[in-house]
Amino acid sequence: MTDRPNIPFNRASLAGRELAYMRQALERGHISGDGEFSKRCHALLERETGAGKALLTTSCTHALEMAALLLGLAPGDEVVVPSFAFVTTANAFVLRGARPAFVDIRPDTLNMDETRLEAALNDRTRAVVALHYAGVGCAMDAIMDVASRRRGLAVVEDNAHGLFGRYQGRQLGTFGAMAALSFHETKNFTCGEGGALLLNDPALFERAEILREKGTNRSRFFRGQVDKYTWVDLGSSYLPSDLLAAFLLAQLEEAATIQARRRSIWLRYFERLSPWAERAGARLPVVPAGCESAFHLFHVLLPSPEKRDALMNGLKERGILAVFHYLPLHLSPMGRSWGYRKGDFPVSEDISGRLLRLPFYNSLESADQERICGEIEDLTRSW
Ligand SMILES: Cc1ncc(COP(=O)(O)O)c(C=O)c1O
């Protein structure tokens with residue numbers, strides 16, 4: 001045990017004008033969805049990413065659910081998803097009756113292995129979900145080629161980690177027909193719980209507004225394009241309060257500062273832990289040429305699951321919270337219900353047992369980072 005303060009895995013912090021903007025929203029008397037601050041978030045996201053349209057949602061999960069609705073999925077359809085992914089990366093499509101067709105990941109970036117994509121496609125495939133793990137882009141040229149250009153399939157980017165990351169110079173989230181963003185507390189930019197759907201295919205814009213507004217054409221009504229609004233399609237309520245948008249806008253306006261800060265935290269871990277990794281047989285993150293990371297998280301791959309667990313528990317005893325990440329979806333009870341078994345996706349299975357995420361948040365102090373690295377060295381001295 002230690003008498004030093006604990007270092008959490010994540011800590012939300014203010015970037016600047018969050019509270020002032022929330023007060024302004026209240027003073028304006030508009031705190032339901034799509035007020036002034038939501039509109040400013042939409043404009044900022046469209047301007048900074050180059051996406052055709054941005055719509056705030058109550059979570060990334062809800063943005064993915066909107067994507068699934070927009071795809072018009074029906075029972076029997078298949079959606080290709082990496083097994084090493086968040087539950088809702090698959091569940092959003094399963095909710096619409098689709099079957100997840102899992103694929104394995106690459107051992108370097110931990111993103112979908114694009115060389116295995118072709119084999120996962122069949123006549124029932126309707127879409128491919130590309131998750132940019134840790135904010136490092138998938139091989140989007142190959143994925144778009146196999147899925148979109150050659151087969152005409154929709155590509156949905158799960159860009160929960162990757163806002164402002166780039167692949168071949170282009171912003172993540174602007175390759176597929178749609179991309180989902182997360183503004184959950186753990187993300188680079190947050191409003192506690194939140195997300196956004198980026199739309200790159202203009203044919204989807206109007207229907208997306210309708211699905212997000214309970215299946216009504218209310219957005220057209222507010223723009224004066226119809227004189228009454230009514231129920232025109234499926235839908236739900238996916239728009240966040242303008243109070244949350246006010247908080248989020250303040251964070252997004254500080255994107256350059258936040259990203260520079262996260263980059264320096266990431267680089268400090270990388271430089272400080274490189275000699276240790278070599279000695280301990282651990283592996284640090286890989287960012288291939290052509291990828292600019294969004295610096296969402298910093299992970300290490302330990303030599304074995306036993307060593308990962310020992311290090312994770314040792315750090316915890318010393319007041320430092322480092323955490324594992326996704327359990328392979330194909331081995332979850334839901335995954336097994338489609339007949340998937342151990343051994344189906346060996347890279348996902350292997351990585352999941354050996355991965356450890358280190359504390360990473362905008363206000364992480366260099367002294368705390370030094371303490372984390374020192375404890376890692378100390379706990380693994382006998383390896
Ligand atoms: C890749 C990925 N997609 C989606 C989500 C869900 O995000 P949210 O909590 O905003 O629904 C997460 C959560 O961390 C995630 O890691």
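Worth knowing before you read on, the calculation uses all heavy atoms, side chains too, and leaves out hydrogens, waters and symmetry mates. Indexing begins at 1, ligand by ligand and atom by atom, following the structure's order.
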Distance filter under 4.0 Å to [X] heavy atoms, resulting ligand 1 atoms:
X: Thr89; result: 3 (N)
X: Ala160; result: 1 (C), 2 (C), 3 (N), 4 (C), 15 (C)
X: Thr61; result: 6 (C), 8 (P), 11 (O)
X: Leu131; result: 1 (C)
X: Ser59; result: 10 (O), 11 (O)
X: His161; result: 1 (C), 15 (C), 16 (O)

Quiz item: Which residue pairs pass the ring pair (Phe, Tyr, Trp, His ring centres under 6.0 Å) test with at least one member in residues 114-134, sequence neighbours excluded?
Solution: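 Passing the test, one end in residues 114-134: Phe84-Tyr133, Tyr133-His161, Tyr133-His299, Tyr133-His325, Tyr133-Tyr326.
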
Is the side chain of [X] donor-acceptor paired with the backbone N or O of [Y] at a distance under 3.5 Å, no angle test?
X: Ser241; Y: Ile31; answer: yes
X: Arg268; Y: Arg272; answer: no
X: Arg283; Y: Asp108; answer: yes
X: Arg116; Y: Asp104; answer: no

Quiz prompt | Within-shell test, Gly194 vs ligand 1, heavy atom, strictly < 4.0 Å | solution =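 The answer is yes: ligand 1 sits under 4.0 Å from a heavy atom of Gly194.
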
Quiz item: Can you tell me if Lys187 has a non-hydrogen atom under 4.0 Å from ligand 1?
Solution: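 Lys187: in contact with ligand 1 (<4.0 Å).
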
Self-check item: Distance-only side-chain donor-acceptor flag, Ser13 / Asn362, under 3.5 Å
Solution: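 No, no side-chain donor-acceptor contact under 3.5 Å.
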
Quiz item: Considering distance alone, does some N or O of Tyr326 sit under 3.5 Å from an N or O of ligand 1?
Solution: yes

Practice problem: Give yes or no for whether the N/O distance cutoff of 3.5 Å, strictly under, is met between Glu193 and ligand 1. | Solution: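 Such a contact does not occur with ligand 1.
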
Quiz item: Using heavy atoms and a threshold below 4.0 Å, how should the contact between Thr186 and ligand 1 be classified: side chain, backbone, both, or neither?
Solution: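 For Thr186, there is no contact with ligand 1 at all, from either part.
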
Considering only non-hydrogen protein atoms, determine which one is nearest to [atom] and report residue, atom name and distance to 0.1 Å.
atom: atom 3 (N) of ligand 1; value: Asp158 OD2, 2.7 Å
atom: atom 5 (C) of ligand 1; value: Phe86 CD2, 3.3 Å
atom: atom 7 (O) of ligand 1; value: Cys60 CB, 3.3 Å

Practice problem: Carefully, step by step, assess Leu70 and Leu197 under the rule side-chain contact (heavy atoms from CB on, under 4.5 Å). | Solution: CA-CA 11 Å; Leu70 283 165; Leu197 185 67; 3.9 Å; yes

Quiz item: Going only through I, L, V, M, F, W and Y residues with side-chain contacts under 4.5 Å, is there a path from Ile376 to Met312?
Solution: yes

Self-check item: Proximity of Phe183 and Phe247 rings by center, below 6.0 Å
Solution: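 Centroid separation for Phe183 and Phe247: 6.0 Å or greater.
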
